[in-house]
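Per chain, numbering begins at 1; letters A, B, ... match sequence-line order.
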Number of protein chains: 2
Amino acid sequence: MTPLDDVDRKLLALLEADGRRTFADLAGEVALSQPAVKRRVDRLVAVGVIIGFTAVVDRARLDRPLEAFCELRFQGTTSPEDMEALRRDLPEVEAVYVLAGDFDALCHLRVRDMAHLREVVARLRATTGVVGTKTLMVMSSVRGPR
Amino acid sequence: MTPLDDVDRKLLALLEADGRRTFADLAGEVALSQPAVKRRVDRLVAVGVIIGFTAVVDRARLDRPLEAFCELRFQGTTSPEDMEALRRDLPEVEAVYVLAGDFDALCHLRVRDMAHLREVVARLRATTGVVGTKTLMVMSSVRGPR
DNA sequence: GATGAAAAGCCCTTAAC
DNA sequence: GTTAAGGGCTTTTCATC
């Protein structure tokens, strides 16, 4: 596949900052015609560099104000795929990171309140292969589009 | 402010799944007129439930295959705002989580390679207030829309 | 306070080059 | 990569419940 050029990179940056910018608008920024921009963006999606477009929702404001990380230790027979399965099985798990080092995985959690967190951690600890956890509370966080 | 109803929640779910869906399209899904949908979405943005719209870019495929976390310890005089400033100052920092507990903050990092990671961690360690770090390498991760 | 209808203008998309 | 054109979408205004 053709490598990305500077125009593609500019388009990525612009669409990362505002995923709803119009092709007409983007065309002006990169000094290209509208159809040319559309073809480039379509291609970026097709090759998977752009996974998709999404609304960034503030879950804290919506329904899950509490955020935490849970470091997990698994027994030696557990595969990375089994660890990643936590994301599929528990809706409170936003992400699972399989680690090299001390702990085997890191779970990013979002919950309604402490009782909910207690319940989720209990479910994690009851998961096959999990032999230990260490939970870290998040007091505040920053991310999303710059 | 008016609390969110089921239509708002439906719109959020739809826009999370596809941030570029048209208002006309959304209107069909929630059985409302186009202007009504636009007003609701504008309101969700205005009140901050929708932080913004973005293209989800696969940085691993693009230019930063390596992912890591860096746990940070700060001296007692450092404010949470100062910790969060790392996200603004270092482009390799995807997110900063201010923690309650052992470490003071957790940085999510994305880098090109090990040399790049070494450089970023060095910059973190050279940051005012940082007195200790512990870096965790990510071997694989799962997240994004289910 | 929120909605629907209508209209003008802009945007998207396709086709042709 | 460009231009051109049709159709669709967005956005504003205004009347309504």
Side-chain angles (χ1 to χ4, degrees), chain A residues 1-65 110 112 143-146, chain B residues 1-64 112 143-146:
Chain A
M1 105 201 181
T2 314
L4 306 187
D5 63 14
D6 289 344
V7 173
D8 291 317
R9 265 178 269 276
K10 183 97 181 272
L11 290 174
L12 285 173
L14 292 168
L15 284 173
E16 228 172 355
D18 179 2
R20 280 184 84 91
R21 276 190 92 151
T22 64
F23 292 140
D25 202 355
L26 295 169
E29 293 284 346
V30 299
L32 241 53
S33 68
Q34 219 173 109
V37 168
K38 174 178 160 45
R39 275 195 291 265
R40 277 172 181 263
V41 174
D42 285 348
R43 176 170 154 273
L44 290 169
V45 172
V47 302
V49 172
I50 292 178
I51 296 168
F53 295 90
T54 188
V56 184
V57 174
D58 189 347
R59 290 233 95 83
R61 210 176 274 240
L62 185 59
D63 57 352
R64 290 182 183 172
R110 279 209 163 278
R112 286 188 303 278
R143 70 212 126 129
R146 288 166 207 272
Chain B
M1 103 202 179
T2 314
L4 306 187
D5 62 16
D6 289 343
V7 173
D8 290 319
R9 265 178 269 274
K10 183 94 181 275
L11 290 173
L12 285 173
L14 292 168
L15 284 172
E16 227 174 355
D18 179 3
R20 278 183 85 91
R21 278 190 89 151
T22 64
F23 293 138
D25 203 354
L26 295 169
E29 293 283 346
V30 300
L32 239 55
S33 70
Q34 239 170 86
V37 168
K38 174 179 160 46
R39 278 191 294 261
R40 277 172 181 263
V41 174
D42 284 349
R43 175 168 152 275
L44 289 169
V45 172
V47 302
V49 173
I50 293 177
I51 297 169
F53 294 90
T54 188
V56 183
V57 174
D58 189 347
R59 290 232 94 85
R61 206 179 277 240
L62 184 60
D63 57 353
R64 292 179 183 175
R112 284 188 304 277
R143 70 219 127 123
R146 288 165 210 270

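Heavy-atom nearest nucleotides on DNA chain C were determined for A/Ala24 and for B/Pro35, and the one closer to the 5' end corresponds to B/Pro35.
B/Asp25 places its CG atom 8 Å from the P atom of D/dC9, with the value rounded to the nearest Å. Across the protein-nucleic acid pair, A/Gln34 atom CD and D/dC9 atom P stand 15 Å apart, rounded to whole Å. Summarising the geometry, the separation between CG on B/Leu4 and P on C/dA2 is reported as 12 Å, rounded to the nearest angstrom. If you take CG of B/Asp42 and P of C/dA2, they are 13 Å apart, rounded to a whole angstrom. Note: CG (A/Leu32) to C1' (D/dT3) measures 13 Å, nearest angstrom. Residue A/Phe23 contributes atom CZ, which lies 10 Å from atom C1' of C/dC11 at whole-angstrom precision. Put simply, CZ on B/Arg21 is 16 Å from C1' on D/dG8, counting in whole angstrom units. In this entry the distance linking CG of A/Leu26 with P of D/dG1 reads 14 Å, nearest Å.
Here the side chain of B/Thr54 pairs no donor or acceptor atom with the backbone of A/Gly19 at under 3.5 angstrom. A donor-acceptor contact shorter than 3.5 Å links the side chain of A/Arg20 to the backbone of B/Arg21.
With a 4.5 Å cut-off on side-chain heavy atoms, A/Leu4 and B/Leu62 count as touching.
Nucleic acid contact class of B/Thr22 (heavy atoms, under 4.0 Å, all strands): sugar-phosphate only.
For C/dC12, neither phosphate oxygen OP1 nor OP2 lies less than 4.0 angstrom from any side-chain nitrogen or oxygen of A/Lys38. Between C/dT3 and B/Arg40, a contact under 4.0 Å exists linking OP1 or OP2 to a side-chain N or O.
Under 3.5 Å, the side chain of A/Arg39 and the base of C/dT13 form no donor-acceptor pair of N or O atoms.
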For this session: Just do the side-chain contact (heavy atoms from CB on, under 4.5 Å) check on B/Arg40 and B/Asp5 with the steps written out, would you?
Result: CA-CA 11 Å; B/Arg40 277 172 181 263; B/Asp5 62 16; 3.0 Å; yes
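For B/Thr2, the side-chain atoms get nearest to C/dA2 when compared with the rest of C/dA2, C/dC11, D/dG1. Of the listed nucleotides (C/dT3, D/dT2, C/dT13), D/dT2 has the atom at the smallest distance from the side chain of A/Ala36. Candidate nucleotides C/dG4, C/dC12, D/dT2 were compared by shortest atom distance to the side chain of B/Ser33, and C/dG4 ranks first.
With respect to the salt-bridge test (charged N to carboxylate O, under 4.0 angstrom), the residues A/Asp63 and A/Arg59 qualify.
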